Visitor: 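Before I ask anything, let me first share the structure, which is written out below as structure tokens.
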Amino acid sequence: MLRVENLTKRFGHVTAISNVSCSIRKGRVTALLGDNGAGKSTLVKMICGTYKPTQGSIWISAKQVHMESARDALALGITAVYQDLALVDQRNVVHNISLGNIPTKWGGLMVDRKKMRQTAESALNYMNAKLPSLDILVSSMSGGQRQAVAIARACALGGQLVVMDEPTAALGIREQRMVLDVVHDLRSKGISVLIISHNLDHVFEVADDLVILRGGRVVAEVERNSVAHDDVVKLILAGQPKDAETEGEAA
Ligand SMILES: Nc1ncnc2c1ncn2[C@@H]1O[C@H](COP(=O)(O)OP(=O)(O)O)[C@@H](O)[C@H]1O
Ligand SMILES: [Mg+2]
């Protein structure tokens, strides 16, 4: 469903992502793995329109796309659940779920509050999220509850690809379970998921495909069933970039 070709992202003299090519297949869960600083968040932000690539291209269904913002990505069916939980603290749950996509009526003159509430209710029901109330401020909620709102928001926005950067990192066990169940659910609806997680147990449970980064390069792109847990750990810690191997063969 989405392919990146030779993507590079530099910040000044730091190369965060270097010549990365990989695919996210339709209706499958792809896990993006790598140690801290491997470039995972940077790659994801390019896929979500937050960062513009320094070089390279992004393709959706065989058509090259150019994104200037997260709004552009959304229009292309890509929704993101950010690592830093981009929620507005001083707004309630209903408002946060519709962030970036507030429904209007009267030709855009008025916020459609009823529709906004319905969207929030159905998104949260869908997630089985037990929140005390839809009217409480996000600032008064726990990490897991905030994550539930962020994911519900991505689900409410719809789309063909949901991107999650460390969705379970700050959560308790039950809340982690809820997030993993949502990932299973999205896949069963034919929606692709790109997930970053440090928890290999979670990755092995939900992912179909793995993309492993090291030092801003792809060291492996494999199906989860074709690799052992230990080999994945080795690749994360000491994998050699694919193109470096090819260069070695050519030499
Ligand atoms: N906005 C930025 N400005 C400068 N350097 C950055 C920026 N974002 C990321 N980097 C650098 O790029 C590299 C990859 O970072 P990141 O994508 O956050 O890795 P990961 O998510 O895998 O931990 C790191 O060396 C990081 O310091
Ligand atoms: Mg990161």
Side-chain angles (χ1 to χ4, degrees), residues 2-24 29-58 67-73 78-87 143-144 146-147 150-151 153-154 161-171 175-176 179-180 183 192-204 206-207 209-222 224 227 229 231-244:
L2 183 143
R3 177 153 180 86
V4 305
E5 286 279 356
N6 302 318
L7 272 197
T8 294
K9 180 68 186 178
R10 292 191 202 97
F11 299 102
H13 60 274
V14 177
T15 303
I17 283 290
S18 179
N19 208 28
V20 162
S21 300
C22 62
S23 298
I24 296 160
V29 178
T30 303
L32 187 57
L33 304 174
D35 211 349
N36 284 334
K40 305 179 298 295
S41 294
T42 303
L43 177 57
V44 151
K45 283 179 178 161
M46 288 191 281
I47 291 171
C48 295
T50 314
Y51 287 160
K52 269 187 86 169
T54 309
Q55 274 164 26
S57 53
I58 301 177
M67 296 177 277
E68 300 283 339
S69 66
R71 187 172 280 271
D72 288 349
I78 302 169
T79 55
V81 180
Y82 292 103
Q83 187 171 26
D84 44 13
L85 298 178
L87 300 177
R146 293 168 64 92
Q147 189 71 41
I151 296 173
R153 176 179 154 217
L161 171 64
V162 174
V163 180
M164 304 181 179
D165 191 345
E166 302 273 7
T168 57
L171 306 187
E175 294 166 330
Q176 292 178 357
V179 171
L180 296 175
V183 174
S192 308
V193 178
L194 176 61
I195 183 170
I196 296 178
S197 176
H198 275 118
N199 186 320
L200 280 190
D201 290 332
H202 291 171
V203 166
F204 269 75
V206 298
D209 303 311
L210 313 178
V211 175
I212 305 172
L213 293 180
R214 183 167 156 77
R217 291 161 175 267
V218 174
V219 294
E221 185 177 15
V222 288
R224 179 254 283 153
V227 282
H229 197 291
D231 292 334
V232 171
V233 175
K234 281 183 202 149
L235 284 165
I236 289 171
L237 295 177
Q240 294 298 317
K242 280 202 261 180
D243 50 352

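From a predicted model like this one, the values you see are computed outputs, not experimental measurements. Atoms within each ligand, like the ligands themselves, are counted from 1 in listed order.
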Visitor: Keeping the roles fixed (side chain from Thr8, backbone from Asn19), state whether a donor-acceptor pair exists under 3.5 Å.
Guide: yes

Visitor: For the CG atom of Leu161 and the OG1 atom of Thr30, what is their distance to the nearest 0.5 Å?
Guide: 8.5 Å

Visitor: Which ligand 1 atoms, with their elements, are less than 4.0 angstrom from a heavy-atom of Asp35?
Guide: 22 (O)

Visitor: Of all the atoms in ligand 1, which lie at a distance below 4.0 Å from a heavy atom belonging to Asn36?
Guide: 23 (O)

Visitor: Output the distance between atom CG (Asp231) and atom CD1 (Ile236), rounded to the nearest 0.5 Å.
Guide: 11.0 Å

Visitor: Report yes if Gly39 has an N/O atom closer than 3.5 Å to an N/O atom of ligand 1; otherwise report no.
Guide: yes

Visitor: Output yes when the distance from some N or O of ligand 1 to some N or O of Phe11 is under 3.5 Å, and no in every other case.
Guide: no

Visitor: Within the structure provided, determine whether Ile78 and Met67 are in side-chain contact (heavy-atom separation under 4.5 Å).
Guide: yes

Visitor: Going by the atom numbers of ligand 1, which of them fall below 4.0 Å from some non-hydrogen atom of Thr42?
Guide: 9 (C), 15 (O), 16 (P), 17 (O)

Visitor: With a 4.5 Å limit on heavy-atom distance, are the side chains of Ile17 and Leu213 in contact?
Guide: yes

Visitor: Of the listed options (Gly12, Gly37, Ser41), which comes nearest to atom 24 (C) of ligand 1 when hydrogens are ignored and any heavy atom counts?
Guide: Gly37

Visitor: Give a yes/no on ligand 1: does Thr15 have at least one heavy atom closer than 4.0 angstrom to it?
Guide: no

Visitor: Considering only heavy atoms of Tyr51, which atoms of ligand 1 have at least one such atom less than 4.0 Å away?
Guide: 1 (N)

Visitor: Between ligand 1 and Gly34, can you find any atom pair, the residue atom being a heavy atom, that is separated by under 4.0 Å?
Guide: no

Visitor: Below 2.8 Å, any N, O or S contact between Thr42 and the Mg ion (ligand 2)?
Guide: no

Visitor: Any idea which heavy atoms bring Cys48 and Ala80 closest together, and the distance?
Guide: SG-CB, 3.5 Å

Visitor: For residues Val211 and Ile24, determine if any side-chain heavy atom of one lies less than 4.5 Å from a side-chain heavy atom of the other.
Guide: no

